[in-house]
Each structure stands twice: as C-alpha cells, then as structure tokens.
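Nothing fancy with the numbering, it's 1 onward along the sequence. Every heavy atom of this structure was used, including side-chain atoms; hydrogens, water molecules and symmetry mates were not.
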Amino acid sequence: MSHSYRGTRGSSRSAWKTAGHWPGTPRPRARRASGGVNPTPVTLAALKPGDHIMGPGGLPMLVHECKRIREPNQPPYYRLRTGSSAPVYLHRAHFFLVPGPDELARLKDQARANRVDLLPDDGFLFPTPASLRISPARIDRLTPNQFEQFVAGLLERSECSITRRGGRANDMAADILATNRDGVYIAVQCKHTRTGRKVGAATMYEVNGTAAPEHGAKVALVVTNGGFTKSALAFADRHEIRTVARDDLAKWADGSLTLAEVLGEVPAGF
C-alpha cells in the first residue's frame with residue numbers, strides 16, 4: 001500500500017481548502033461552525049456557480065463550476081472546479097454552504113494563509129484521458145489513494161483492464177493488478193511521497209517475493225513520484241522489476257511516452 005500525506009500548497013492564493021464530507025459516511029446534519037454560524041448541507045447536484053462551500057476548518061471555496069456528466073455505459077459523475085484550482089471529478093459528496101457575506105469575509109481572511117487544493121480522499125475520479133494530464137506538482141499533492149487511482153487510470157489509458165484498484169491491508173505488495181489486451185498480467189506497487197524521497201531496496205524485495213509467487217504476474221512494476229536508490233535499481237535490474245520514477249511518470253501522464261516506452265523492454269505483446 002502506498003504511503004503519503006495530504007498536500008498543503010495550492011495553485012494560487014485563492015485556492016481554498018476542501019470541504020470535509022465524502023462518500024461512505026452518512027449524510028451530514030447541520031452543524032455549528034466557528035463564530036456561532038449554522039451552515040447548510042448541500043449535495044453536488046444542488047451546487048451552482050457562485051456558491052461558497054466550507055471546509056472542516058471553516059475555510060471557504062468558491063464554486064466556479066459543478067457540472068453533471070454522463071457518458072455511455074458509465075455512471076454519471078460531476079466535474080467540480082473551485083477557486084483557481086484544476087477541476088476534480090466526483091461521483092458523490094456532500095458539502096456545507098457558507099451562510100452569509102459577513103462569515104464569508106472572515107473565512108476568506110483565514111484562507112489566505114491556508115492554501116490547499118480541492119483533493120478529496122474519496123469519490124475522486126480520473127474519468128477521461130485528459131483528466132490524467134496533471135503536472136508533477138499536482139501529482140505530489142495527491143493522497144495515497146488518489147495516487148493509486150491515478151496510476152490505475154494511466155494503465156487503463158494504455159488499454160489495460162484493472163482487476164484490483166487500490167491497496168489494502170495485507171495486499172502483498174500489489175496496490176493494482178492489471179492485464180493488458182494480450183493477457184500479460186501486471187502487479188503494480190505505488191509509492192507516493194511529498195518530500196521526493198527515494199524508494200529503497202526493501203520495497204523491491206517485497207515486490208519480487210510476491211508478484212509472481214502470490215499474484216501470478218508476469219510483470220512487476222513499481223511506480224513513484226519520487227525516485228529509487230541505487231541498490232533498489234540494481235536489484236530491480238537483476239530481477240527484471242520495472243520501475244517508473246518521477247520524470248518518466250510525468251511523461252507518461254502527459255502522453256509524451258507510452259507505457260511500453262516508459263518501461264523499455266517488456267514481454268512480447270505488452
């Protein structure tokens with residue numbers, strides 16, 4: 001399972017902190033915010049441009065767009081754009097509306113020192129190829145779960161089908177399991193970092209010990225937005241573990257490299 005952090009640097013001074021209620025928990029009831037103000041619960045379907053929604057710390061986001069999108073053979077989802085941040089894609093979430101102009105002015109003052117992108121932990125989607133073309137800085141601000149979903153999206157864009165999407169307890173060093181169109185089975189370990197740290201040889205030992213024996217994979221792949229130590233790369237080379245580090249991940253994301261080009265020599269048909 002990947003390990004990381006929640007980002008803290010927004011795309012500009014007006015990028016405001018995320019609202020704090022997401023799928024998998026009961027619909028929120030009205031609560032008392034700081035300053036004695038009762039915010040109003042609102043769903044994605046009810047949001048409209050010009051609304052201000054609150055984060056758990058009482059910081060606001062200005063809604064520029066909340067559009068419901070339907071595609072053939074897919075459940076509907078929403079494209080939500082707030083402040084000056086890039087859009088995010090959600091299938092479900094609840095927010096709290098900022099109740100009035102006086103409270104909004106106070107919260108805006110607080111928000112200037114707390115710039116955070118809208119990156120919810122759950123319900124976060126990469127539904128289109130274009131949504132995967134994000135910068136290395138934005139990749140750095142993903143949560144561990146989002147990073148796994150992001151890598152799974154890149155694999156799907158490369159015409160792989162996904163069997164496991166996202167790590168779990170006792171996942172035996174495979175956050176993602178995927179199969180390419182020619183039947184090559186891939187075990188993927190995702191390692192996300194906020195500090196540019198390097199993946200060490202211990203991760204390679206784990207992947208090498210489980211990819212084929214436990215998962216039956218022909219290809220073992222380790223993906224990070226950081227780098228790899230020399231010992232990790234040496235072990236990966238000896239055991240034919242594929243590695244994708246920061247620079248190649250950025251090129252894979254923006255489409256300038258295909259998966260086969262990123263990985264170099266791979267089994268026939270990959």
Can you tell me how far the [atom1] atom of [X] sits from the [atom2] atom of [Y], to the nearest 0.5 Å?
X    : Y    : atom1 : atom2 : result
W252 : R157 : CH2   : CZ    : 8.5 Å
Q146 : R141 : CD    : CZ    : 11.0 Å
C160 : N180 : SG    : CG    : 5.5 Å
C190 : Q149 : SG    : CD    : 9.0 Å
L62  : H52  : CG    : NE2   : 4.0 Å
M172 : E214 : CE    : CD    : 4.5 Å

Under the 3.5 angstrom rule, does the side chain of [X] hit a backbone N or O of [Y] as a donor-acceptor pair?
X    : Y    : result
H192 : G226 : no
R246 : N225 : yes
S256 : K251 : yes
T193 : T195 : yes
R164 : A174 : yes
T224 : K191 : yes

Strictly below 4.0 Å, N to O, side chains only: are R165 and E148 in salt-bridge contact?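 Salt bridge absent between R165 and E148.
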
Side-chain touch [X]/[Y], heavy atoms, less than 4.5 angstrom:
X    : Y    : answer
L142 : I134 : yes
T179 : V184 : no
I139 : L249 : yes
L259 : L155 : yes

Can Q189 and L221 be said to form a side-chain contact (heavy atoms from CB on, under 4.5 Å), step by step? CA-CA 6 Å; Q189 177 75 331; L221 170 64; over 6 Å; no

Show the nearest heavy-atom pair for residues [X] and [Y], with the distance to one decimal.
X    : Y    : answer
S231 : A201 : OG-CB, 3.7 Å
I162 : A178 : CD1-CB, 3.8 Å
C66  : Y78  : SG-CD2, 4.0 Å
Y185 : G216 : CD2-O, 3.6 Å
A236 : T243 : CB-CG2, 4.0 Å

How far apart are the C-alpha atoms of H215 and T210, what are their side-chain angles, what is the distance that settles it, and do they pass the side-chain contact (heavy atoms from CB on, under 4.5 Å) test? CA-CA 6 Å; H215 302 297; T210 60; 4.3 Å; yes

Partner of V151 by side-chain contact (heavy atoms from CB on, under 4.5 Å), out of D175, V188, L132: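 Testing each of D175, V188, L132 against V151, the sole residue satisfying side-chain contact (heavy atoms from CB on, under 4.5 Å) is V188.
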
Between N145 and T143, do the side chains contain a donor N or O and an acceptor N or O under 3.5 Å apart?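 Side chains of T143 and N145: no pair found under 3.5 Å.
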
Hydrophobic cluster of Y205, others only, ordered by chain and residue number, side-chain cut-off 4.5 Å: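 Via sub-4.5 Å side-chain contacts, Y205 links to V199, M204, V207, V222, F228, L233, F235, I241.
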
Start with the C-alpha distance between L47 and I53, add both sets of side-chain angles, then the distance that settles side-chain contact (heavy atoms from CB on, under 4.5 Å), and finish with yes or no. CA-CA 9 Å; L47 284 179; I53 50 182; 3.5 Å; yes

Please report the C-alpha distance between R242 and V219 in whole Å, then the side-chain angles of each, then the deciding distance to 0.1 Å, and finally whether the side-chain contact (heavy atoms from CB on, under 4.5 Å) criterion is met. CA-CA 7 Å; R242 274 66 184 183; V219 173; 4.3 Å; yes

In terms of heavy-atom contacts, does CD of E240 have more than 12 from other residues, nucleotides or ligands at under 6.0 Å?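 Open: at most 12 neighbouring heavy atoms sit under 6.0 Å from CD of E240.
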
Name all residues meeting the side chain to side chain contact (heavy atoms under 4.5 Å, CB included) criterion together with A212; count only those two or more places apart in sequence or in a different chain, and write none if there are none.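 None.
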
